[in-house]
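The next block holds one structure in the form of structure tokens; read it before the comments.
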2 protein chains.
Amino acid sequence: MANPLENRFHADDIAQADHYLATDPPADLDPRVERLVNDLIGRIADKWTLLVLELLEEKGTLRFTEIGRQVEGISQKMLTQTLRQMERDGLLTRTVHPVVPPRVDYALTPLGNSLSAAFCGVWVWAERNLETVEAARVRFDARD
Amino acid sequence: MANPLENRFHADDIAQADHYLATDPPADLDPRVERLVNDLIGRIADKWTLLVLELLEEKGTLRFTEIGRQVEGISQKMLTQTLRQMERDGLLTRTVHPVVPPRVDYALTPLGNSLSAAFCGVWVWAERNLETVEAARVRFDARD
DNA sequence: TGCCGTAGTCACCCAAAGGTAAGAAATGGC
DNA sequence: GCCATTTCTTACCTTTGGGTGACTACGGCA
């Protein structure tokens with residue numbers, strides 16, 4: 001029952017989660033807020049966004065082509081698009097140096113850092129349970 | 001520099017993160033593992049999967065149509081698809097009762113519960129920073 | 001003179017995601 | 001005998017995501 005990962009969070013998060021889970025009646029929260037949260041999650045829980053977030057968290061400030069090189073498989077178009085969107089959402093800053101050839105630096109904002117931290121638990125989960133999931137798939141595919 | 005949220009995590013996670021970050025040479029981790037983790041994240045970080053995960057975590061066991069009713073906007077096709085995939089990944093169990101009309105119950109496995117817990121931080125983040133993101137967007141859209 | 005490198009934008013195209021709607025199977029109730 | 005109910009599956013179609021490759025601006029350098 002006791003989830004091995006739940007002590008991963010701050011006491012006040014736990015308190016909030018408890019509050020959230022404790023209300024037996026389905027009076028969760030304002031459905032408008034819930035919809036907004038869902039939208040936000042949908043926007044954020046995107047493959048490229050997560051990878052860029054991770055990379056910048058790890059490496060600090062990077063310029064466009066460096067990110068492109070290190071996020072494997074991303075096209076220039078998707079990189080631009082992802083960075084623009086993250087900038088719009090306030091997750092990173094884009095600093096243009098007026099030199100030639102152009103130089104643009106990207107770095108996470110505190111908001112971006114906090115999102116990265118929020119996702120840390122998910123990365124840890126994925127690392128830890130990779131093999132469990134793989135085994136489950138094999139089992140599922142084997143039965144008929 | 002010090003991330004205000006990093007004390008959110010376990011000591012061993014911090015140690016792991018430190019190890020991860022301390023290696024100045026780009027010898028992060030096995031690139032094969034990293035690719036697998038990225039794949040897994042990509043599969044899991046899906047809008048419908050997250051919503052179903054949340055719902056089942058909150059409500060316990062539910063049957064097909066109940067989930068369909070409560071996950072707003074999901075089509076029957078996507079619901080079936082999402083549930084099948086989650087079952088394959090070992091996140092939930094699907095119990096068919098051989099009655100007529102059919103009755104199928106869905107419930108999270110412990111693995112599903114642990115994933116839900118791992119995402120808890122993200123939901124909390126989204127709730128807390130909804131307005132910050134909204135404000136950032138307004139600011140971004142206003143400048144030209 | 002002309003090529004290089006950076007950080008894009010733009011136009012075009014294809015593949016995949018996802019919506020809609022119809023049908024299937026089985027049986028208790030009218 | 002027929003209809004409703006539930007959990008799907010399948011076929012078809014539209015929308016979106018995302019790749020590719022051409023193009024630009026600019027100054028330094030050969």
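These figures come from a predicted structure and were not determined experimentally. So that the names make sense, note that chain A is the first sequence line, chain B the second, and so on, each numbered from 1.
- Counting only distance, with no hydrogens or angles, the side chain of A/Ser116 and the backbone of A/Gly112 share no donor-acceptor pair below 3.5 Å.
- Taking atom CG of residue B/Leu79 and atom C1' of nucleotide D/dT9, one finds them 14 Å apart after rounding to whole Å.
- If you check D/dC26, C/dT6, C/dT9 against the side chain of A/Gln76, the one that comes closest is C/dT9.
- Computed from coordinates, the A/Met78 CE to D/dG17 P distance equals 8 Å when rounded to whole Å.
- Two residues are said to be in side-chain contact when any heavy atoms from C-beta on lie closer than 4.5 Å; B/Glu134 and B/Leu130 fail this criterion.
- For A/Val100, the listed nucleotide lying nearest its side chain is D/dC26; candidates were D/dC8, D/dG18, D/dC26.
- In this structure, CZ of A/Arg69 is placed 8 Å from P of C/dT6, rounded to the nearest angstrom.
- Two residues, B/Asp46 and A/Pro102, neighbour DNA chain C, and the one matched to the more 5' nucleotide by heavy-atom proximity is A/Pro102.
- The number of heavy atoms from other shown groups lying within 6.0 Å of CD (B/Glu66) is above 12.
- An OP1 or OP2 oxygen of D/dT7 is reached within less than 4.0 angstrom by no side-chain nitrogen or oxygen of B/Tyr106.
- Side-chain nitrogen and oxygen atoms of B/Thr80 include none within less than 4.0 Å of the OP1 or OP2 phosphate oxygen of D/dT7.
- Applying the 4.0 Å criterion to OP1 and OP2 of D/dT7, one finds that B/Arg94 has every side-chain N and O outside that range.
- A/Gln81 has its CD atom 16 Å from the C1' atom of C/dA7, to the nearest Å.
- Atom pair B/Arg43:CZ and C/dA17:C1' shows a separation of 15 Å (rounding to whole Å applied).
- For C/dG8, neither phosphate oxygen OP1 nor OP2 lies less than 4.0 angstrom from any side-chain nitrogen or oxygen of A/Arg103.
- Among the nucleotides C/dT20, D/dT6, C/dG8, the one closest to any side-chain atom of B/Ser75 is C/dT20.
- The side chain of B/Lys77 approaches C/dG19 more closely than any other nucleotide in the set C/dC12, C/dG19, D/dC8.
- A close approach under 4.0 Å does not occur between any side-chain nitrogen or oxygen of B/Arg63 and OP1 or OP2 of D/dT6.
- Nearest to the side chain of B/Pro101, among D/dT9, C/dG18, D/dT5, sits D/dT5.
- The shortest heavy-atom contact between B/Ala107 and B/Thr61 is CB-OG1, 3.5 Å.
- Distance, A/Leu62 CG to C/dT6 P: 15 Å, rounded to whole Å.
- Of the possible donor and acceptor atoms, one in the side chain of B/Asn113 sits under 3.5 Å from a partner among the backbone N and O of B/Thr109.
- C/dG8 atom C1' lies 8 Å from atom CZ of A/Arg84, rounded to whole Å.
- Atom CG in B/Leu83 sits about 14 Å away from atom C1' in D/dT6, given to the nearest Å.
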